Amino acid sequence: MAVRMYHLAVDAHDLSAQARFWAEVLDWKILFEAEDEIVIGADEHAWPGMCFLPVPESKTVKNRLHIDLSPDDRDAEVERIIGLGAKRVDVGQGEDATWVVLADPEGNEFCVLRPKRSLTE
């Protein structure tokens with residue numbers, strides 16, 4: 001039996017704003033939009049995608065799961081993403097970290113890593 005990752009589900013207050021933020025960050029498209037669900041992805045056949053779902057409560061603690069991004073130029077990408085509405089956050093990463101921790105507009109932490117060539121590097 002084979003299985004593969006389909007969606008990363010993201011709870012959100014403002015589905016539209018969150019979906020558009022992440023679509024811009026990842027250079028993806030809005031693939032499906034309804035009142036209770038927005039799906040983004042590179043295209044409808046490129047898995048995985050991200051699915052934004054409404055929740056009434058706000059985020060209150062550090063994420064147990066987060067996204068790691070590997071750009072060609074970490075510092076330039078951090079500045080671009082901050083320009084889209086992200087903020088730098090300190091989760092105890094220290095000054096010698098090779099990654100930058102950011103939070104999306106609803107406070108979900110994610111990391112921008114140095115460039116990577118493989119999943120095990």
Side-chain angles (χ1 to χ4, degrees):
M1 175 196 274
V3 67
R4 59 185 175 159
M5 189 168 169
Y6 181 66
H7 278 158
L8 175 62
V10 180
D11 292 347
H13 277 297
D14 187 337
L15 299 183
S16 180
Q18 281 293 89
R20 281 165 177 62
F21 171 82
W22 281 103
E24 284 289 320
V25 167
L26 299 169
D27 193 25
W28 285 1
K29 303 175 253 194
I30 305 291
L31 301 174
F32 174 80
E33 190 165 0
E35 184 178 317
D36 61 349
E37 177 183 33
I38 299 176
V39 175
I40 68 170
D43 72 52
E44 66 181 85
H45 300 288
W47 293 12
M50 291 176 76
C51 180
F52 297 86
L53 303 162
V55 294
E57 69 277 354
S58 296
K59 181 182 174 300
T60 58
V61 298
K62 181 180 174 290
N63 297 3
R64 295 283 308 264
L65 174 73
H66 71 264
I67 296 169
D68 284 342
L69 303 175
S70 177
D72 293 333
D73 180 331
R74 186 197 65 197
D75 296 336
E77 195 62 18
V78 165
E79 293 310 311
R80 182 184 78 84
I81 296 170
I82 288 172
L84 296 172
K87 294 180 179 158
R88 287 180 183 263
V89 294
D90 183 353
V91 296
Q93 64 268 31
E95 291 182 25
D96 60 341
T98 60
W99 63 91
V100 175
V101 183
L102 300 176
D104 70 18
E106 290 198 7
N108 300 301
E109 299 92 1
F110 62 98
C111 294
V112 183
L113 310 175
R114 62 180 170 75
K116 300 283 189 176
R117 290 185 299 262
S118 75
L119 289 173
T120 58
E121 179 182 315

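Quantities reported herein were computed from a predicted structural model and do not represent experimental measurements. Nothing fancy with the numbering, it's 1 onward along the sequence.
Contact between E57 and H13 at its shortest, heavy atoms only, is O-NE2, 3.0 Å. Listed here is the closest heavy atom pair of E121 and K116: O-NZ, 3.2 Å. Contact between A19 and I38 at its shortest, heavy atoms only, is CB-CG2, 3.5 Å. Across every non-hydrogen atom of D36 and L15, the tightest pair is C-CD1, 3.9 Å. Scanning all heavy atoms of the two residues, the minimum distance from P105 to G85 falls at CG-O, 3.9 Å. The two residues F110 and A103 have their closest heavy-atom pair at CE2-C, 3.7 Å.
Sorted by first and then second residue, the pairs that involve residues 90-107 and meet side chain to side chain donor-acceptor pair (under 3.5 Å), not counting sequence neighbours, are Q18-D104, W22-D104, D104-N108.
Side-chain contact between I67 and V25 is absent, with no heavy-atom pair separated by less than 4.5 Å.
Residues Y6 and L26 fall into different hydrophobic clusters, defined by Ile, Leu, Val, Met, Phe, Trp and Tyr side chains chained together at heavy-atom separations under 4.5 Å. Residues V39 and M5 do not share a hydrophobic cluster, clusters being chains of Ile/Leu/Val/Met/Phe/Trp/Tyr side chains in contact below 4.5 Å. The hydrophobic cluster containing I81 also contains L8, counting ILVMFWY residues as joined when their side-chain heavy atoms lie under 4.5 angstrom apart, directly or transitively. One hydrophobic cluster, built from ILVMFWY side chains closer than 4.5 Å, cannot hold both V112 and V89; they sit in different ones. Hydrophobic clustering (side-chain heavy atoms under 4.5 Å, transitive across Ile, Leu, Val, Met, Phe, Trp, Tyr) groups L84 together with I82.
The environment of CD in E35 is sparse: at most 12 heavy-atom neighbours from other residues, nucleotides or ligands sit within 6.0 Å. Shown here is D72, whose CG atom has no more than 12 heavy atoms of other residues, nucleotides or ligands within 6.0 Å.
Side chain of K59 to backbone of V61: a donor-acceptor contact under 3.5 angstrom is found.
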Donor-acceptor contacts under 3.5 Å from residues 42-53 side chains, at least two apart:
from: D43; atom 1: OD1; to: H45; atom 2: N; distance (Å): 2.6
from: D43; atom 1: OD1; to: A46; atom 2: N; distance (Å): 3.1

Starting from the C-alpha separation in whole Å, work towards a yes-or-no answer on side chain to side chain contact (heavy atoms under 4.5 Å, CB included) for L102 and R88.
CA-CA 4 Å; L102 300 176; R88 287 180 183 263; 3.7 Å; yes
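Taking a 4.5 Å side-chain heavy-atom cut-off between Ile, Leu, Val, Met, Phe, Trp and Tyr, the cluster of L119 contains only that residue.
The distance from the CG atom of L113 to the CG atom of L69 is 7.0 Å, given to the nearest 0.5 Å.
A salt bridge does not link E77 with R74: every distance from a Lys NZ or Arg NE/NH1/NH2 to an Asp or Glu carboxylate oxygen is 4.0 Å or more.
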